[in-house]
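Written out below as C-alpha cells is the structure these notes cover.
FYI, side chains are in, hydrogens and waters are out, and symmetry mates aren't considered; it's all heavy atoms of this structure. Here the structure is a predicted model, which means the values were calculated and not measured.
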Amino acid sequence: MKLHRIALQEFRKFRDPVVLDGLADGLNVIAGPNEAGKSTLAAAIRAAFLERYKTTKVSDLAPWGMSGARPSVEIAFQHDGHEYLLRKSFLSRARCELVVDDGVERHEGEAAENALASLLGFEFSAKGNSRPEHGGIPGLLWIAQGEGQNLLEPAGYAQSHVRDALTRLTGELTSADGDSLYERVEVERAALRDGRSGRPKGAYKDAEDALLRAEESVATLTASKQALDADVDRLALLRRDHDKAEQEQPWLNLEQRAAQARARLAEISRERDALAGLQRELTQADDTLALLHEQVERDQRDAAALVTLQADAEAAAASLVPAREALDRALLQQQRAAQNLAQANAQVAAAQQAAQRADCLAQIDRLNQELRRAQDSIVQAEQLAEQVRTLQASSAQLEIDDKALHTLRQLEQRLAQLQAQQNAGATRVHHRLLDGQTLQMAGRDVAGEGEVLVSEATELQIPGIGVLHIEPGGSDLPAILTAIQQTQTERTACLGRLGATSLAQAEARAVTYEQTRRDLDMARQTLRIQAPEGIEALRELQSQAQSRLTQLQGQLAVLPESAAAPVDLAQAQQALHAATVEADLAGQAVTSARTALDTQQTKAQIFQTQWAALQAELGAVGRVEQREQRGARLVEARATRDTLAQRCQAAQAALQALQPELIEQDAQRFEQSARLQREEQQRRHAELLQLQGKLEQAQAHGLGEQLLQAQAEAQRLTRRRDEFATRAQALDLLWQLLGQRRADATQRLLDPLAQRLQHYVGLLFPGAQWRLDDALMPAAVVRGTGPDATETLNALSFGTREQLGVLARFAYADLLQQAGRPTLLILDDTLVHADQERRELMKRALYDAASRHQMLLLTCHGEAWQDMGVGVRAVP
C-alpha cells in the first residue's frame, strides 16, 4: 500500500485546506515543532480509514470554536496494482466515497467502509468511536504518539487478521476440500454450541431448556404430592389430638387451681392490710418520740446558751478600754501627718512655678528655631514654584505629537528603501570628460569624471554630434518614482504638522521635550516634599508658631522669679506623695479605731440585752413545770414505740412465712396454662377444617395423574437432549482434531515470523533472540546465557520496549506484505526515548524496512533524521 496524497480541510488544527502530496514509496520524514500539526495528519489518516463517517462521537476532529465544521479527509493511494481515492467527511453532511481506478469501481457509505475494512484488515465499531480492539492490522502498524512500547495489546487485536493472511501462504488445510470440511464442522458445531463459552445454543439449548422446564414441573408436582401425603397424615394426627382434648378438657382443672390460688391471695391481702395498720401506728409513735426528744434537747440548749451569753457580755464590756486607747493614738498620728502634708504642698507649688518658667524659656527657644526653618522653607518653596511654572511654559512650547513623529520615522525609512530600490534599478552612466568639455543631460551640465543615475527617460546632448535618448531598463522604476514623490509629499506634510524642517530637528525637539518633562516632574516632586500641603500651609504654620511665641512670652512675664535655689520638682512631688500616703494611712487608722470602738460597744450592748431577755424567759412562771412534764412524756413515748415495733416484726414474719410471691406466681402460671390449652384446641380445630378443605380440592384436581404425565414428558425430553449432546460431543471432537491440525499448520507457517523478528532484533542486540508465547506473541528477549538472560518485555526500560515494539512491527509488516496485505507504516514521534547509540542502530533497521514498505515518520526533531538518505519535509 502506497499513499500518494493527503488533503485535509476544517480538520482540528487545519481550518483551511492543506495538502501533503508527492509521498515517496519508501521513507517519508515529516518534521515540525510541537503543535505544528503532525499528530493531526496521523489522526486524519486513522479517521479516514478506521472511523465510521456517520458517527457523531468525533466532535474533537473539528477545529476548536468553529461551529458547523465539516472535517474532511481525502487520501489517494495504490495497492496491488489498483489506484484508490478515498473521500470522507464527518459531522455536518457526513459522506464516504471510495473510487477505484478512476471510476471503474465506486463505493459509497457503508459499502465503502466495508471495502476498506476488508482491504486493510480491521473491523468497525458497532457504534461510537473506533476502539483499539477493532484496529486490526492498521492498529498494529500505525503507531500513535507515546504508544510505541505497547506491542502485545495491538498485536493481540490483529492476531486473527495476521493468521488469516499467513494461512493464504500455505496449502495445508487451505484446499477447497479442507476448508469446506473444517467450515462445515465449524458451522454444524456453531449451530449447537456457543463459539466463546462452549455452552449449548439453538435446538440443543431449546432441548435442554425444555428438559429443565419438564424436570422443574416434575419436581413441583412431586413436592405437591409429598405435601398432600403429609397433609393427610397431619389431618389424622389433628383429629386424634382434638378428640382427646375435647374429652379430657385439661384447661378446666388448670382454671380451678388458679381460682384456689386467687382465694388464698385474698386472705393474705387482709393480713397485709393489718400489718400496714401496725406500721402506720409505729410511724406515728416515731414521729411523737422525735418531737418530744427535740423539745427536751431545745430546753437543754437554752440553759447552755444563757451561760454562754453571760460570759460574752462580760468579755465585751472588758474590751472597750483598749479600743478607746487605740482611737486616741490614731487621732494624734493623724494630726502630725496633716502638718507634714501642708509643708509638702508648699514645696511642690514652688517647684512647679520654677519648672513652668524653665519650660516657657525652652518652648520660646524652640519656636524661634521653627520660625527660622519655616521662613527658609517658604523661600525654597517659592523658588521651586517659580521653576515649575517656567518648566511648564517650556514644556508647552516643546510638546510634540508622538504619533506624527512615529509616522515621520516610518516615512523616512520608507523613502530610504524606495531610493535604494531606485538606485538598484536605475541606469548608471559613468562619464570622464576632458578638461573644459561639458555635456547636457536631463537639462543640466555634466563635466569632469563622475556617475549619473538615470531612473527615468532622459536625453544626452553631445555638442557637434547629436542627442542620445536613454531609457532605464527597470520596468518598476516609474512606480518607484511615483511612490518616492508620494512619500516625499507625505513627509513634507508631516514635517509641517510637527513644525520642523527635518527628522533630525524633530528628534532633537522630542529629546528636549522629554528632558524638560522629566525636569518638570522632578521639580514638582521636590515641591511636594518641601511643601506637601502648599506654600500657604507653610505660611499658616509660621503664623501659628508666631502666635504661640507671643502667648508664651506673656506667660513668662507673670511667673515670679525665685531668689532662693529652686527645689527639685521630682523630689518635692515624691515628698508630697509620701506625706499624702502617710495622711491617708493616719485617716484610715482613725476610721478603723473609731469603727472598732463602735463595734465593741454595739457588741457589748447586744450581748447584755440577749442575756437579760433569755434569763427573763427561762425564769418565767410555768416554764420549769413544762420542762419537767416534757421529760416524763418522752419516757412514756419511748416505751409505747418499742411495744409497737415488736408487734410489727411479729406480723411481718408471719406474712413472709405464707410466701405470697409464690402463690401469686402459681395463680399466673395456672391461668396462662389454661388459656394456652384453650387456644391450642381452637388452633387444632381451625387447622383441621383447613386441611379437610385442601385435601378435598387436591383430590378434585387429580394431582397423581398430573405427576405421571409430567414424568413421562421428562423422560421423552431427556432422550431428545441426549441425542443433541451426543451429536455435539462428536462435533467437538472432530472440530478439535481439525483445529489442531490447522493450528499445527499455522505453527509451521509462523516460523517466518520468528525469522523476521530475529532479523530485526539482531540489528539492535547482536546475538539476541525473541521468545514467543503459546499464542505466538512476542513475550521476552534472550540476551546471552545464564538464569538472568531472559527478560520479559515489562521488565525492560521504557525506551528499550519502544525500540523492540517498532522492530516487531517491521517483522509483522514483512510477513503481511508476503501475504498481499497493505503494510503502510506510520511512526508518530516514536524513538524519542532512544539514546544516540540506540538511535543510530534503529536507523539501520528503519532504513532496511523502508526499502520494502512505505513509511511515514512524523517527528519534531528533524535534524536527528537528516542522515536517512531522504529529504526532511516540513508540515504543510
Side-chain angles (χ1 to χ4, degrees), residues 52 110-111 113-115 117-118 121-128 131 133-134 136 156-168 170-227 701-747 774-775:
R52 288 194 179 276
E110 294 185 0
E113 292 182 333
N114 294 333
S118 176
F122 66 92
E123 296 85 23
F124 280 104
S125 174
K127 60 180 180 178
R131 294 187 290 273
E133 56 266 29
H134 303 125
Y157 295 146
Q159 187 177 22
S160 61
H161 298 283
V162 174
R163 285 182 177 274
D164 180 67
L166 296 179
T167 302
R168 300 180 183 181
T170 179
E172 298 187 54
L173 288 179
T174 58
S175 64
D177 294 338
D179 284 343
S180 175
L181 176 60
Y182 183 81
E183 291 174 359
R184 180 180 176 185
V185 171
E186 191 172 34
V187 169
E188 293 289 339
R189 179 180 178 275
L192 298 180
R193 289 196 187 278
D194 183 83
R196 295 182 178 180
S197 62
R199 296 178 179 176
K201 62 180 289 189
Y204 185 11
K205 186 177 185 302
D206 294 341
E208 280 205 341
D209 293 342
L211 176 59
L212 180 60
R213 290 192 296 271
E215 289 177 345
E216 291 177 351
S217 178
V218 170
T220 302
L221 292 172
T222 301
S224 300
K225 184 65 170 59
Q226 292 174 354
H701 290 162
L703 186 60
E705 292 79 1
Q706 293 179 10
L707 176 60
L708 293 176
Q709 293 176 0
Q711 290 174 342
E713 179 65 15
Q715 292 175 358
R716 184 185 68 79
L717 293 175
T718 300
R719 291 192 297 272
R720 184 168 180 268
R721 191 277 314 271
D722 292 343
E723 293 175 358
F724 281 114
T726 302
R727 178 175 175 80
Q729 292 173 359
L731 289 173
D732 285 343
L733 178 60
L734 182 58
W735 180 74
Q736 290 173 0
L737 292 175
L738 292 176
Q740 184 62 41
R741 292 289 303 275
R742 190 181 181 91
D744 293 342
T746 303
Q747 178 70 35
D774 295 338

**Request:** Run the salt-bridge test on Asp209 and Arg213 with the 4.0 Å N-O cut-off and return the result as yes or no.
**Result:** no
**Item:** Contact summary for Ala710 and Ser217, nearest pair of heavy atoms
**Value:** CB-OG, 4.2 Å
**Item:** Partner set under side-chain hydrogen bond (donor to acceptor under 3.5 Å, both in side chains) for Gln715, not counting sequence neighbours
**Value:** none
**Asked** Going from CZ on Arg193 to CZ on Arg727, what distance comes out if it is rounded to the nearest 0.5 angstrom?
**Response** 12.5 Å
**Request:** To the nearest 0.5 Å, tell me how far Leu734 CG sits from Gln729 CD.
**Result:** 13.5 Å
**Request:** Check the pair Glu216 / Leu212 against side-chain contact (heavy atoms from CB on, under 4.5 Å), numbers first and verdict last.
**Result:** CA-CA 6 Å; Glu216 291 177 351; Leu212 180 60; 3.7 Å; yes
**Request:** With rounding to the nearest 0.5 Å, note down the distance linking CZ in Phe122 to NE2 in His134.
**Result:** 11.5 Å
**Request:** State the CD-OG1 distance between Gln711 and Thr222, to the nearest 0.5 angstrom.
**Result:** 5.5 Å
**Prompt:** Shortest non-hydrogen contact from Ala714 to Val218?
**Reply:** CB-CG2, 4.0 Å
**Complete:** So CD of Glu713 and CG of Leu211: to nearest 0.5 Å the spacing works out to 9.5 Å
**Request:** Go through the structure and list residues passing salt bridge (charged side-chain N to carboxylate O under 4.0 Å, His left out) with Asp206, not counting sequence neighbours.
**Result:** none
**Distance (rounded to the nearest 0.5 Å) between Glu110 CD and Arg52 CZ** = 5.5 Å
**Request:** Spell out, as yes or no, whether a donor-acceptor pair under 3.5 Å connects the side chain of Ser118 to the backbone of Asn114.
**Result:** no
